[in-house]
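Since the structure comes first, as structure tokens, the remarks are kept for the end.
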Protein chains: 2
Amino acid sequence: MPRKNPSPDKREDALSRERIIEAAITLLDTSGESGLTFRALADALATGAGAIYWHIAHKNDLLTAVCDAVIARTLQAAGGAGAATPHATVRAIALAVFEAIDAHPWVGSALTQAPGQLPHVRLLEHIGQQVRQLGVPEATQWVVACTLVNYMVGVGGQNAANAQFARQEGIERDGFLASMANTWLALDADEFGFTRSMATCLRTHDDRADFLTGIDLILRGIATED
Amino acid sequence: MPRKNPSPDKREDALSRERIIEAAITLLDTSGESGLTFRALADALATGAGAIYWHIAHKNDLLTAVCDAVIARTLQAAGGAGAATPHATVRAIALAVFEAIDAHPWVGSALTQAPGQLPHVRLLEHIGQQVRQLGVPEATQWVVACTLVNYMVGVGGQNAANAQFARQEGIERDGFLASMANTWLALDADEFGFTRSMATCLRTHDDRADFLTGIDLILRGIATED
DNA sequence: ACCTGAACACCGTTCAAGT
DNA sequence: ACCTGAACACCGTTCAAGT
């Protein structure tokens with residue numbers, strides 16, 4: 001009777017792309033972006049470092065695959081909801097992606113570094129279908145869908161960077177924002193008047209709400225188009 | 001009479017933060033993101049690798065500083081224009097940043113990896129001032145300015161990633177897009193209907209124009225707000 | 001105060017050799 | 001066909017030692 005514990009003791013199944021991707025996900029979630037190493041991954045899989053190269057071309061390939069696995073699941077889960085209007089569906093998709101990046105910050109940076117690859121294509125497809133539903137004329141569907149996707153990925157990347165910075169600094173989000181707000185307040189009053197006046201907003205803002213407001217802004221811009 | 005050639009022969013001035021930053025910029029422009037190495041940088045400055053650490057805390061510090069130098073110059077040059085309307089000024093700033101990233105792709109990824117740092121603050125300030133001019137109510141200035149900045153940085157990061165990918169693949173932009181378009185056309189017809197129909201757009205689109213259309217969408221969303 | 005350069009503790013990737 | 005693990009060619013960073 002084979003043991004069911006897949007811990008780093010000994011391998012029971014053969015290696016496979018899927019097994020590697022799953023191990024990479026848990027490794028990334030556990031030790032962060034810098035924790036994903038071919039050596040550490042090989043350890044977790046109870047194999048040699050070079051073995052991975054039989055299934056994965058190079059580290060970027062792995063990163064994209066791992067990102068795609070999360071995005072695919074996220075979109076699948078979000079698609080099931082079936083919101084009332086295209087507008088609401090776009091919002092639901094955007095929020096789901098935001099939550100996924102919040103839970104796995106490394107997805108944000110992977111997404112930023114692999115434009116046009118499969119994870120991106122999935123986003124474009126899901127968003128694009130709703131853009132069609134919105135009645136956007138065919139000639140502008142491309143640019144509208146791209147704007148939404150670019151915005152989503154852009155914010156996601158920023159949040160990922162924030163999370164990674166806070167992690168390696170060992171700081172909580174609140175402390176991180178508070179110290180940044182202080183830095184802003186110490187800026188030159190003439191040159192950085194606007195930024196200084198936004199220091200409180202920085203400290204008290206809600207990432208999620210702001211992100212969705214941005215989505216709404218773009219959607220409203222679309223609706224006004226003629 | 002001292003020689004005026006600052007080539008990698010021998011150093012004449014003392015090292016300084018500015019000299020290091022300038023050398024890093026030319027190195028990045030010449031050899032790309034992966035070309036910026038403390039060893040290569042030390043060579044270019046005719047010094048030892050460790051000397052740089054007297055002036056720069058760590059590589060991320062250098063990257064942010066180098067990014068900020070470009071952004072500061074870009075915004076200064078763009079600010080001089082003095083466009084007629086706030087809308088036009090936002091467009092001008094956005095375009096200037098786009099061009100800067102196009103000329104120095106590494107600025108795009110540096111920008112993505114340093115949220116809240118000085119380069120970001122500069123963008124926020126310049127955009128925010130125009131958001132005020134647009135008459136956006138105080139309560140929503142924060143989220144509006146952030147949306148614009150996030151979008152700009154997001155698109156910039158994507159373009160940087162594209163440029164870097166094309167560089168290391170040794171491919172031109174056109175060939176890169178053409179092969180990606182073919183990949184899209186080979187996707188499953190049911191699952192990726194929208195994406196397939198956009199393959200031609202991918203191949204023929206204009207990055208700059210699409211980017212500005214996105215800015216316009218957001219600005220129009222703001223105008224419609226009430 | 002500032003610089004030098006060897007040394008340390010890592011990386012991704014390759015590849016002969018095994019099964 | 002698939003795996004092993006040592007070896008290669010790098011990294012960022014540190015630090016005793018120099019000036």
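Computed from a predicted model, the values in this text were never measured in an experiment. First the proteins, then the strands, lettered A, B, ... as listed; each starts at 1.
- In this entry the distance linking CG of A:L41 with P of C:dG12 reads 10 Å, nearest Å.
- With respect to A:E22 and A:R73, a salt bridge is recorded, a charged nitrogen being found less than 4.0 Å from a carboxylate O.
- Across all strands shown, C:dC11 forms no Watson-Crick or G-U wobble pair with both distances under 3.5 Å.
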### Test side-chain contact (heavy atoms from CB on, under 4.5 Å) applied to A:I171 and A:F165, step by step
CA-CA 9 Å; A:I171 285 175; A:F165 187 84; over 6 Å; no
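- Looking at the side chain of A:R39, the nearest of the listed nucleotides D:dC3, D:dC8, D:dC11 is D:dC8.
- Straight-line distance from the CD1 atom of A:I56 to the P atom of D:dC3: 11 Å, rounded to whole Å.
- When rounded to the nearest whole Å, the span between CD1 of B:I20 and C1' of C:dC3 equals 11 Å.
- Phosphate contact (OP1/OP2 of C:dC3, side-chain N/O of B:H55, threshold under 4.0 Å): present.
- The listed nucleotides are C:dT13, D:dC3, D:dG12; the one nearest the side chain of B:T37 is D:dG12.
- When each of C:dC2, D:dC3, C:dC8 is scored by its nearest atom to the side-chain atoms of A:A51, the top-ranked nucleotide is D:dC3.
- For the pair B:K59 NZ and D:dT14 C1', the computed distance is 17 Å after rounding to whole Å.
- Protein atom CZ of B:F38 is 18 Å distant from nucleotide atom P of C:dA6, rounded to whole Å.
- The CG atom of A:N60 sits 14 Å away from the C1' atom of C:dT13 (whole-angstrom rounding).
- Ring pair A:F38/A:Y53 is parallel by interplanar angle, where below 30° counts as parallel and above 60° as perpendicular.
- Among the heavy atoms of the strands, none lies under 4.0 Å from A:L62.
- Taking atom CG of B:L63 as the reference point, atom C1' of D:dG12 lies 13 Å away to the nearest angstrom.
- Taking the charged nitrogens against the carboxylate oxygens, B:R196 and B:D188 have no contact shorter than 4.0 Å, which rules out a salt bridge.
- The nearest whole Å value for the distance from the OH atom in A:Y53 to the P atom in D:dC3 is 16 Å.
- Remark: A:W54 is not in phosphate contact with D:dC3, judged by side-chain N or O atoms under 4.0 Å from OP1 or OP2.
- With a cut-off of 3.5 Å on both Watson-Crick or G-U wobble distances, the partner of D:dA16 is given as C:dT4.
- The pair B:R203-B:D174 fails the salt-bridge criterion, with no side-chain N (NZ, NE, NH1 or NH2) lying under 4.0 Å from an Asp/Glu carboxylate O.
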